[in-house]
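For reference, positions follow the sequence shown, starting with 1.
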Amino acid sequence: IMRLDTPARVTFVRLLRGRWCFVASSNTTISELSVWEIQTPSTCILRTRIYLQAPVLDGLLDDGGNYIRLAVTVGAS
């Protein structure tokens, strides 16, 4: 378990292949979508982070083997 230092609440989390963790944290006006690489149980590295000007409500993650598809449901702010 790793604590995220964010003032927003986590609205979407998916673990992929036991190594990648996709996290969306949102408040009513903005969201942060981040991808973490889990190297060991106590070591996670932030690989990328983007901001959206609306809250992420939900999401889907599809592992196609050679590719990964991520779709998020974004609410109106």
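Distance CG/L33 to CZ/F12: 8.0 Å, rounded to 0.5 Å. Once rounded to the nearest 0.5 Å, the distance linking CG of L57 with OG1 of T11 reads 7.0 Å.
In terms of heavy atoms, S26 sits closest to S31 at OG-OG, 2.6 Å. Nearest approach of T28 to P55, heavy atoms of both residues: O-CD, 3.6 Å. In terms of heavy atoms, R17 sits closest to Y67 at NH2-O, 4.2 Å.
For the pair Q53 and I30, the minimum side-chain heavy-atom distance is below 4.5 Å. Using a 4.5 Å heavy-atom cutoff, the side chains of V10 and V23 are in contact.
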- Determine, stepwise, if the pair W20 / R14 fulfils side chain to side chain contact (heavy atoms under 4.5 Å, CB included). CA-CA 8 Å; W20 301 100; R14 293 295 182 276; over 6 Å; no
- Taking it one step at a time, do R9 and N27 satisfy side chain to side chain contact (heavy atoms under 4.5 Å, CB included)? CA-CA 7 Å; R9 66 186 184 118; N27 61 27; over 6 Å; no
- Candidate pair S34 and L46, rule side chain to side chain contact (heavy atoms under 4.5 Å, CB included), full reasoning: CA-CA 7 Å; S34 55; L46 178 64; 3.7 Å; yes
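Criterion: ILVMFWY side-chain heavy atoms under 4.5 Å apart, direct or through other members. Under it, L16 and L70 are part of a common hydrophobic cluster. Under the 4.5 Å side-chain heavy-atom criterion for grouping Ile, Leu, Val, Met, Phe, Trp and Tyr, Y51 is not connected to V74 through any hydrophobic cluster.
Here the side chain of S25 pairs no donor or acceptor atom with the backbone of A8 at under 3.5 angstrom.
Grouped with L15 in one hydrophobic cluster are I38, the linkage being side-chain heavy-atom contacts under 4.5 Å among Ile, Leu, Val, Met, Phe, Trp and Tyr residues.
Put simply, the residue from I68, V72, V13 that forms a side chain to side chain contact (heavy atoms under 4.5 Å, CB included) with F22 is I68.
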